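This structure is a prediction, so every number in the text was calculated from the model and none was measured.
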Amino acid sequence: DRVFPDVPVRQWVLSLPYHIRFLCAFDPAAARGVRKILVRAVSSFYVRNARQRGVEKTKAAAVVLEQRFDQSLRLNLHYHALWVDGSFTCSLAKARAEFYELTELTEADVERLVRAIRNRVLRFLRKIGKLTDECGVDQDSLDGSPHQTLGAAAVQGRIAFGPKAGAYVPRVGQGS
């Protein structure tokens with residue numbers, strides 16, 4: 001309650017495809033890179049919205065957290081973010097920052113952001129050698145350890161070892 005001033009706040013969540021989720025879960029540098037891409041893309045969206053209304057030199061504000069598990073406590077790296085739903089101007093001449101609320105968020109805006117984030121994440125992971133050109137995981141970057149096998153199964157909600165290896169983990173209330 002004391003992190004942001006009394007202005008509208010919007011939650012953004014970035015969930016990743018299984019293979020990207022897995023890579024980021026085992027590579028802190030990749031996870032940081034994806035988080036940076038998310039922050040830059042959404043912050044730029046808010047700054048652009050203010051600029052389109054003639055307000056220059058604004059800054060966006062956010063708190064972004066990397067969450068490593070889901071409600072079943074399975075490995076599921078994704079990002080939760082609270083963004084001030086607009087942007088601020090700051091000047092030494094004024095004692096207070098001025099807030100410029102986002103005019104409107106449309107489905108088209110979200111689609112553009114998702115596409116931009118997707119393309120940037122794929123480009124970044126290719127650049128650091130974690131993905132092949134076909135968007136597949138670079139197998140040379142994996143060690144095949146039991147730890148990674150368990151992680152890969154957890155990300156997909158599957159059983160890792162034993163006679164039922166590869167089967168989906170049964171969930172309470174969803175049959176056996």
Side-chain angles (χ1 to χ4, degrees), residues 3-4 9-48 60-85 105-176:
V3 174
F4 293 131
V9 174
R10 184 180 305 269
Q11 177 173 307
W12 294 81
V13 177
L14 177 63
S15 184
L16 305 164
Y18 289 146
H19 64 291
I20 305 294
R21 202 178 302 176
F22 174 79
L23 285 173
C24 291
F26 287 96
D27 188 332
R32 273 192 311 276
V34 170
R35 187 183 65 238
K36 280 184 180 180
I37 290 166
L38 170 65
V39 169
R40 286 183 183 156
V42 178
S43 292
S44 294
F45 166 75
Y46 282 112
V47 169
R48 250 188 332 275
V63 173
V64 182
L65 303 171
E66 180 181 295
Q67 186 170 333
R68 302 188 64 79
F69 55 89
D70 63 14
Q71 65 188 11
S72 300
L73 299 180
R74 293 181 304 208
L75 180 62
N76 179 9
L77 185 120
H78 59 287
Y79 301 87
H80 285 269
L82 295 176
W83 247 276
V84 170
D85 209 22
L105 180 66
T106 66
E107 284 188 35
D109 293 330
V110 174
E111 287 175 14
R112 276 191 297 277
L113 269 170
V114 167
R115 198 171 21 261
I117 291 168
R118 176 192 179 278
N119 292 340
R120 291 173 192 172
V121 166
L122 291 175
R123 191 169 46 245
F124 164 72
L125 292 173
R126 283 187 196 110
K127 181 179 175 183
I128 64 171
K130 296 295 178 181
L131 282 184
T132 62
D133 286 338
E134 298 82 35
C135 294
V137 175
D138 180 13
Q139 296 299 315
D140 293 335
S141 68
L142 305 176
D143 64 16
S145 68
H147 184 66
Q148 282 193 348
T149 301
L150 284 169
V155 163
Q156 299 176 66
R158 295 180 180 267
I159 297 170
F161 300 111
K164 294 186 179 181
Y168 284 101
V169 175
R171 297 178 71 180
V172 175
Q174 294 184 346
S176 52

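- When all heavy atoms are compared, the tightest approach of Ala41 to Leu113 is O-CD2, 3.5 Å.
- Among all heavy-atom pairs drawn from His78 and Ser15, the shortest one is CB-CA, 4.1 Å.
- Heavy-atom contacts from other residues, nucleotides or ligands closer than 6.0 Å to CD of Glu107 number 12 or fewer.
- Rounded to the nearest 0.5 Å, atoms CD1 (Ile37) and CZ (Arg32) are 13.0 Å apart.
- With sequence neighbours excluded, the residues forming a side-chain contact (heavy atoms from CB on, under 4.5 Å) with Val47 are Arg51, Thr58, listed by chain and number.
- For the side-chain contact (heavy atoms from CB on, under 4.5 Å) test, residues two or more places apart in sequence or in another chain that qualify with Val64 are Arg35, Leu38, Val39, Ala62, Ala81, Trp83.
- Closest approach of Val9 and Phe4 over heavy atoms only: CG2-CD1, 3.8 Å.
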side-chain contact (heavy atoms from CB on, under 4.5 Å) between Leu131 and Ile20, intermediate numbers included: CA-CA 9 Å; Leu131 282 184; Ile20 305 294; 3.8 Å; yes

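- Arg40 is linked by a side chain to side chain donor-acceptor pair (under 3.5 Å) to nothing, counting only residues two or more places apart in sequence or in another chain.
- Looking at residues two or more places apart in sequence or on another chain, you find a side-chain contact (heavy atoms from CB on, under 4.5 Å) between Arg10 and Trp12, Tyr46, Asp85, Leu102, Leu105.
- Side chains of Arg21 and Asn76: a donor-acceptor N/O pair is present below 3.5 angstrom, by distance only.
- Using a 4.5 Å cut-off on side-chain heavy atoms (C-beta onward), Tyr79 and Val34 make contact.
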Full working for side-chain contact (heavy atoms from CB on, under 4.5 Å) between Val114 and Val110: CA-CA 6 Å; Val114 167; Val110 174; 4.2 Å; yes

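- Not counting sequence neighbours, Arg123 has no partner by the side chain to side chain donor-acceptor pair (under 3.5 Å) test.
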ring-ring contact (aromatic ring centres under 6.0 Å, His included) between Phe22 and Phe26, intermediate numbers included: CA-CA 7 Å; Phe22 174 79; Phe26 287 96; 5.0 Å; yes

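- How far NE2 of His19 is from SG of Cys24: 10.0 Å, rounded to the nearest 0.5 Å.
- Listed by chain and residue number, Lys130 satisfy the side chain to side chain donor-acceptor pair (under 3.5 Å) test with Asp27 (two or more places apart in sequence, or in another chain).
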side-chain contact (heavy atoms from CB on, under 4.5 Å) between Glu66 and Leu77, intermediate numbers included: CA-CA 7 Å; Glu66 180 181 295; Leu77 185 120; 3.6 Å; yes

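- Note that CZ of Arg115 and CZ of Arg120 are 12.0 Å apart. Values are rounded to the nearest 0.5 Å.
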